[in-house]
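Read through the structure below, which is laid out as structure tokens, and then see the notes.
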There are 2 protein chains.
Amino acid sequence: MIRASEDNEYYILTSPTILPRASGFLWNEKMMIQLNCRGYATSQFMQPEPAKYSHAPNLEAKSFMQPEQPYYAHHPGRFVYVKDETDGRIFSAPYEPVRSDADRYTFAVGKHRIVWNTESGGVAVNMSLSLPKEDAIELWRVKIKNVSTSKRSISVYPYFTVGYMSWMNQSGEYNERLQAIVCSSITPYQKVHEYDKIKRLKDQTYLLADRKPYAWETSQEAFEGEGGLARPSSIESESLGNGDARYEMPVAVLQYRLDLEPGEESEYRFLFGPAKDEDEIARIRAQYFTDANADGVDGFAQAEREYAEYVSEGRGCLEIHTPDADLDNFVNHWLPRQMYYHGKTNRLTTDPQTRNYLQDHMGMSYIDPGIARKSFLTALSQQNADGGMPDGILLHEEAELKYINQVPHADHNVWLPICISAYLDETNDYSLLDEKVPYADNGEPAAVSEHIDRAMHWLMKDRDERGLNYIHQGDWCDPMNMVGVRGKGVSGWLTIATAYAFNVWADICEAGGRKEASTTFRMAAEATNAVVNRYLWDGEWYARGITDDNVPFGVKEDKEGRIFINPQGWALLSGAADDEKKKKLIRSVEEQLETPYGVEKLAPSYTAMREDVGRVTQKHPGSAENGAVYNHAAAFYIFGLYAAEERDNAYRLLRKMIPGPGREDIVRRGQLPVFIPNYYRGAYRQFPRTAGRSSHLFNTGTAAWVYRCLIDGLFGLQGNPSGLRINPQLPAEWQEAAVKREFRGARMNIEMKRDTSVMTTEVYVNGEFIEAGVIHDLQPGVQYDVLVKLPRQ
Amino acid sequence: MIRASEDNEYYILTSPTILPRASGFLWNEKMMIQLNCRGYATSQFMQPEPAKYSHAPNLEAKSFMQPEQPYYAHHPGRFVYVKDETDGRIFSAPYEPVRSDADRYTFAVGKHRIVWNTESGGVAVNMSLSLPKEDAIELWRVKIKNVSTSKRSISVYPYFTVGYMSWMNQSGEYNERLQAIVCSSITPYQKVHEYDKIKRLKDQTYLLADRKPYAWETSQEAFEGEGGLARPSSIESESLGNGDARYEMPVAVLQYRLDLEPGEESEYRFLFGPAKDEDEIARIRAQYFTDANADGVDGFAQAEREYAEYVSEGRGCLEIHTPDADLDNFVNHWLPRQMYYHGKTNRLTTDPQTRNYLQDHMGMSYIDPGIARKSFLTALSQQNADGGMPDGILLHEEAELKYINQVPHADHNVWLPICISAYLDETNDYSLLDEKVPYADNGEPAAVSEHIDRAMHWLMKDRDERGLNYIHQGDWCDPMNMVGVRGKGVSGWLTIATAYAFNVWADICEAGGRKEASTTFRMAAEATNAVVNRYLWDGEWYARGITDDNVPFGVKEDKEGRIFINPQGWALLSGAADDEKKKKLIRSVEEQLETPYGVEKLAPSYTAMREDVGRVTQKHPGSAENGAVYNHAAAFYIFGLYAAEERDNAYRLLRKMIPGPGREDIVRRGQLPVFIPNYYRGAYRQFPRTAGRSSHLFNTGTAAWVYRCLIDGLFGLQGNPSGLRINPQLPAEWQEAAVKREFRGARMNIEMKRDTSVMTTEVYVNGEFIEAGVIHDLQPGVQYDVLVKLPRQ
């Protein structure tokens with residue numbers, strides 16, 4: 001079974017084999033952990049760069065999170081072996097490594113807790129993980145219950161992988177005083193100046209227990225013996241070997257022996273995480289365990305409660321009740337949580353890409369606008385006086401631009417007005433535009449509005465003689481790094497996005513009383529749209545760009561990469577497409593890009609290198625950039641469809657972002673509907689066998705855009721300087737919907753109903769008809785009952 | 001059992017569990033593969049930088065070879081599953097992944113072939129690997145034999161891991177035309193200019209079969225199913241699934257079905273390796289397989305023969321018969337092979353460290369002096385006009401100094417005269433010194449002798465006011481990178497080594513008729529030795545150095561790092577130690593550094609950071625630099641003992657480099673005696689449990705030095721400008737030894753015997769007494785019978 005719990009706090013899977021890669025994730029201010037339904041785990045913490053405390057068994061590349069990452073027998077994980085001391089039978093919870101068939105199994109992904117129940121041969125193991133709010137510590141409860149009718153004598157072995165900590169120095173031992181396994185390592189370095197950094201790293205891993213173990217093992221090899229993970233030799237013995245690990249791969253395994261009467265349950269608590277040294281581990285022990293004994297404060301349970309509160313603060317500003325229960329569950333419970341994760345952790349990087357950072361805080365505008373505001377100011381403080389935004393935003397004094405952020409991308413400026421407009425709609429806080437922020441290069445302070453003016457002027461200048469924007473080595477997330485490497489190639493999408501950015505900024509300038517600036521940018525948008533239509537319209541859709549050699553691509557002559565979604569979606573937003581062009585491009589997308597799992601980013605996927613386009617063509621067909629259902633791009637398109645009032649098209653595609661409804665679709669995606677992944681595998685027409693699979697990667701700008709689609713589009717509850725404009729675009733098949741909307745402190749209870757008596761949407765507040773659907777003069781703290789009458793379709 | 005084959009071509013292990021990490025390695029001009037006795041494999045090829053074609057199952061760091069590297073269930077390997085089609089019983093050869101107990105098992109490490117025999121339930125699997133001479137291709141033969149008394153119907157599944165090729169693009173499919181599984185990937189890159197390099201890489205992996213398979217599988221996940229590696233679900237079926245892998249982790253598994261009468265055998269051949277594209281795979285197929293059918297040339301067998309010849313060319317210039325049979329086997333068969341590997345492959349790097357490169361070619365002087373000569377000239381062509389040698393020697397036009405070669409080390413110059421002297425002893429080719437080679441920075445050509453003069457003068461200048469050599473960020477292989485980081489700290493070892501280098505160069509200058517230069521360097525050596533004794537003698541041994549803050553270390557006041565082996569061994573060579581000091585330091589080494597597994601590099605091992613010493617103290621106690629039995633340093637010491645005529649001490653320590661004799665010692669080391677590893681785990685007095693374990697890493701300068709110890713020391717058969725000087729230092733317990741020595745084209749048949757009638761060593765050639773033991777006027781192509789009478793001990 002695959003289902004939501006009744007209180008919608010959990011999403012539950014009842015077999016480890018039908019969605020073998022299904023996972024949930026928890027995060028806090030310092031860490032992230034993704035737990036797979038079979039017990040495998042991927043965890044990272046920040047110090048300040050991402051680091052590991054539970055490692056792979058070989059020397060692994062320290063890298064960004066990978067999509068569709070492989071699991072394998074010795075993948076890092078958290079497991080509990082159980083041995084019946086009477087008959088020697090062994091099983092493991094939750095499923096790996098033994099893979100024994102459980103009599104009962106559930107994997108419940110909660111918002112602030114992930115829980116497994118595994119029952120085998122009359123013994124039930126309940127494992128649950130929570131986190132504290134700020135520390136990089138895993139809080140584990142393991143409950144063992146005798147669910148049989150006879151007394152049971154068993155050994156229980158929590159087995160937490162530590163892995164290949166360092167080729168330079170690794171060891172493990174049981175520390176009696178701390179009642180902990182402590183695994184030590186030293187991060188290798190080669191150059192003297194690196195030592196200052198590495199000596200401060202937390203490169204110990206500990207497993208702290210609240211109860212004294214019967215025995216332990218700290219060497220992976222000694223633990224497994226010839227029996228291997230499926231039947232570790234040391235578990236066959238009466239007692240683990242109490243061994244240390246000296247430059248051997250460490251592991252944290254404890255043994256508890258217990259006798260349980262029928263129905264009797266025993267609970268253990270563990271803390272697992274990184275530390276600098278034993279003193280820190282001792283402090284952690286005192287905070288979470290020992291104090292509980294000393295003065296009665298249960299630090300562990302208190303941390304769990306605080307974490308639940310922390311997560312609950314990440315609720316959105318919408319609560320919906322629609323004919324689509326799965327959508328309701330996802331939007332009310334999981335979508336804001338995913339946005340909150342992005343806004344709180346910035347994807348566990350110290351140098352988030354500028355476009356990601358701005359969009360993640362666009363999402364944060366709906367949850368905690370104060371954080372969004374601060375982040376926009378941080379980003380602008382790293383802008384140069386010529387208006388150019390950097391490729392990444394440095395969040396820590398020691399942070400550097402790494403990896404892809406060293407490759408110049410041309411699009412960062414467009415995101416400023418686009419993301420800030422959502423913040424302004426939500427808060428009406430136009431004072432943001434008057435804030436003074438210095439430029440990064442000359443240190444001179446200027447108002448935010450001046451910053452964004454310059455960003456727009458930068459975009460006006462970075463163009464060829466036709467007025468098309470240069471692509472340089474890439475833009476957004478189609479890393480076509482050879483289109484414009486010689487400085488001539490242009491980006492169709494970026495030119496269109498620039499027109500949209502100009503229009504958005506013109507609106508904001510106008511609302512802020514800067515009439516002249518508004519006119520300037522409005523005219524620039526019109527001129528840009530004209531150029532777009534002159535050079536990029538291909539007859540049925542918009543081209544993706546034009547190369548250094550003046551070859552248009554993403555056009556009908558192309559065998560591969562014939563149509564890209566981004567120019568189409570943004571042309572619906574920028575004003576480039578007139579009604580006829582809208583119709584044509586929407587039909588083209590439907591015919592060539594739409595699949596049962598959503599809209600593909602481009603099609604057909606490239607299967608061979610095209611050297612005038614570059615890197616995207618090196619990706620596997622249907623993966624990430626190369627023709628996946630890339631949800632972020634799909635969300636832009638849906639946002640464009642709502643702008644074009646294409647309500648049914650928009651809803652159909654929006655719905656495909658969430659796995660399900662129905663077991664078949666969820667199984668196909670391979671993922672529980674607890675987050676939107678960055679992509680589903682595409683190339684549906686070329687490689688149908690694998691199409692639809694989830695990347696399982698929850699870092700994506702999609703969440704914020706989907707939320708904006710709900711606010712501005714589907715439920716039509718967008719703010720403006722006058723108040724709240726109500727203009728829902730419910731799909732034709734919906735007869736009604738109820739929405740609770742928090743808006744500028746007011747609580748809106750909104751009922752939407754089809755009504756044969758109306759020809760256009762009519763809005764009533766507390767029974768009173770509202771002109772043009774805009775509710776003015778909303779008071780914080782006040783509740784408003786709103787009725788929206790929608791015409792029949 | 002652990003034993004040599006009767007013809008000494010193989011070393012044989014008859015159980016996969018007693019030495020679970022035992023391995024053999026094969027290499028050719030392009031690749032290296034280390035096969036573990038259980039089937040795990042580590043392979044690399046050059047293009048030109050080291051690359052993989054069989055990967056780990058996660059994103060792995062591309063790195064140098066690691067000591068004591070961990071194996072785990074999904075570690076790369078080469079395996080054969082066998083299923084009995086009658087009863088469904090499954091086992092795997094050689095041992096992993098199923099780990100079934102075999103009825104018979106042997107792992108035979110040969111010089112040009114590695115062979116497993118695994119027999120289980122009446123079916124014998126013989127797997128053998130050879131390589132071609134120049135291509136990066138594994139040549140596999142798999143023979144299946146029915147050793148039972150009834151007809152057998154079985155399926156055989158060669159399972160070759162391919163692993164996580166790339167997060168960007170990986171796939172696998174069976175190619176009918178090529179009769180091969182072809183797994184494709186694209187190496188990720190981020191910056192445009194990197195593309196030019198990566199597009200030329202061989203990032204396909206193929207498994208070519210000489211017989212059409214019954215079925216195949218190319219997806220790791222589809223292959224394993226829920227059964228996992230221990231009982232892959234797809235093997236449970238009648239036929240593998242013939243599936244492809246699309247951005248799924250690829251694997252190469254074939255299925256053959258065969259019916260075997262009792263005693264009947266069937267052989268399959270496979271080629272496994274990297275390729276650029278299908279065309280290259282087709283060419284490989286044609287060369288190794290198809291031609292066999294077309295014109296009768298068996299390219300596969302021919303390549304095996306050529307490789308056997310290639311390896312046999314790597315024989316040394318010694319063949320010994322002594323009372324120590326294990327030493328004989330190792331010296332006659334395995335030691336020259338290890339030296340040859342180093343000289344031929346330069347450790348599979350494109351930028352070998354200068355000291356390694358020079359020492360590896362010192363070893364090559366005994367095998368192929370032409371290659372050594374060319375390499376010395378290559379190294380000198382990268383010297384600067386100020387005499388300084390670079391940290392690494394670039395062997396390829398695109399090569400760059402990487403990793404540790406970017407950290408300045410102070411010792412590279414000393415190796416020039418020391419390594420070249422062995423070449424001159426062996427060849428008498430003093431014309432080398434007159435070769436003109438340009439300096440790297442100004443391009444001006446100069447004679448080799450001038451180059452080395454300048455190298456020596458560079459060492460004379462790079463000193464403090466006391467006349468001690470600066471250590472900068474390190475020297476040799478004790479990377480104490482903080483001793484002299486502020487430019488003041490000095491190296492005791494390097495100062496001593498410099499005195500030795502001066503003396504060696506003075507000898508060479510003298511032999512080459514440069515009297516004045518000789519005097520200069522001789523005086524410099526004396527002055528240096530005087531300074532050494534003044535500042536570095538600590539009462540019982542020599543200090544390792546003096547820090548930036550003028551703190552001596554490696555001295556009796558130190559709790560850790562109290563004594564280092566290198567200053568002691570080199571003081572025996574440089575002339576610094578007088579007889580009394582020699583006695584004291586030898587006793588100190590014996591008391592503090594000697595262990596059952598050899599001499600430790602330093603003791604006691606550091607257990608905590610000492611910031612005025614640096615990196616060595618970050619290594620795990622007993623590992624590599626920090627207190628291991630580091631064989632390279634031990635070999636220097638033994639060489640020094642022979643120089644001091646400490647024949648019994650020298651032999652005792654020399655003998656400890658080779659695992660065994662006796663099963664107990666081999667098991668302790670965990671390694672077959674087919675190579676000397678770079679270290680055995682040390683810290684014997686601190687962590688006795690793990691002491692003695694082999695690193696399993698065969699890249700080490702030890703081999704060349706051990707050979708030089710045999711030539712110059714133990715058997716005393718060193719060349720000089722006059723001819724061959726015979727001065728054996730057989731250990732007291734040996735009554736006789738016979739040695740065949742190839743020397744400057746002459747073949748020397750040497751018998752050494754104790755003789756009560758002599759008081760000093762007497763040498764007879766063809767019955768005639770030879771003055772001073774130096775045989776003059778040796779003619780190439782002539783055989784000489786030499787009798788050496790040794791006094792009784």
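Throughout, a chain's letter reflects where its sequence line sits, starting with A, and its residues are numbered from 1. Values below: all heavy atoms of this structure, side chains included; hydrogens, waters and symmetry mates excluded.
B/M482 touches chain A through its side chain: at least one heavy atom from C-beta onward sits under 4.5 Å away, while N, CA, C and O do not. With a threshold of 4.5 angstrom between heavy atoms, B/Y189 approaches chain A through its backbone and through its side chain. Neither the backbone nor the side chain of B/S166 comes within contact range of chain A; no heavy atom of the residue lies under 4.5 Å from a heavy atom of that chain. The parts of B/R615 that come within reach of chain A are both its backbone and its side chain, each placing non-hydrogen atoms under 4.5 angstrom from that chain. Heavy atoms closer than 4.5 Å to chain A are found in both the backbone and the side chain of B/E226. The contact between B/A245 and chain A is made entirely by backbone atoms, counting heavy-atom distances below 4.5 Å. Of the two parts of B/F687, only the side chain, counted from C-beta on, holds a non-hydrogen atom closer than 4.5 Å to a non-hydrogen atom of chain A.
Ranked by heavy-atom pairs shorter than 4.5 Å toward chain B, the options A/N58, A/T17, A/T690, A/V485 are led by A/N58. Highest contact tally toward chain B, considering only A/N626, A/I186, A/N169, is held by A/N169 [criterion: heavy-atom pairs under 4.5 Å]. For the options A/A73, A/A230, A/P479, heavy-atom pairs under 4.5 Å to chain B are most numerous at A/A73. With respect to chain B, the highest number of heavy-atom pairs below 4.5 Å among A/L229, A/D244, A/V407 belongs to A/D244. Of the listed residues (A/M609, A/M249, A/E224), the greatest number of heavy-atom pairs within a distance under 4.5 Å of chain B belongs to A/M609. Considering only heavy-atom pairs separated by less than 4.5 Å from chain B, the leading option among A/Q220, A/E625, A/K619 is A/K619.
A/K191 meets the salt bridge (charged side-chain N to carboxylate O under 4.0 Å, His left out) test with no other residue; sequence neighbours excluded. By the side chain to side chain contact (heavy atoms under 4.5 Å, CB included) test, A/D351 pairs with A/T349, A/L394, A/L401, A/K402, A/N405, sequence neighbours left out.
No side-chain donor from either of A/Q190 and A/E194 sits under 3.5 Å from a side-chain acceptor of the other. Using a 3.5 Å distance cut-off with no hydrogens or angles, the side chains of A/E68 and A/Y679 do pair a donor with an acceptor.
Summarising the local packing, CG of B/D101 is surrounded by 12 or fewer heavy atoms from other residues, nucleotides or ligands at distances under 6.0 Å.
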>> Show, in sequence, the C-alpha distance, side-chain angles and deciding distance for B/R681 and A/Y247, and conclude whether the side-chain contact (heavy atoms from CB on, under 4.5 Å) test is met.
In response: CA-CA 10 Å; B/R681 195 84 79 81; A/Y247 200 43; 3.5 Å; yes
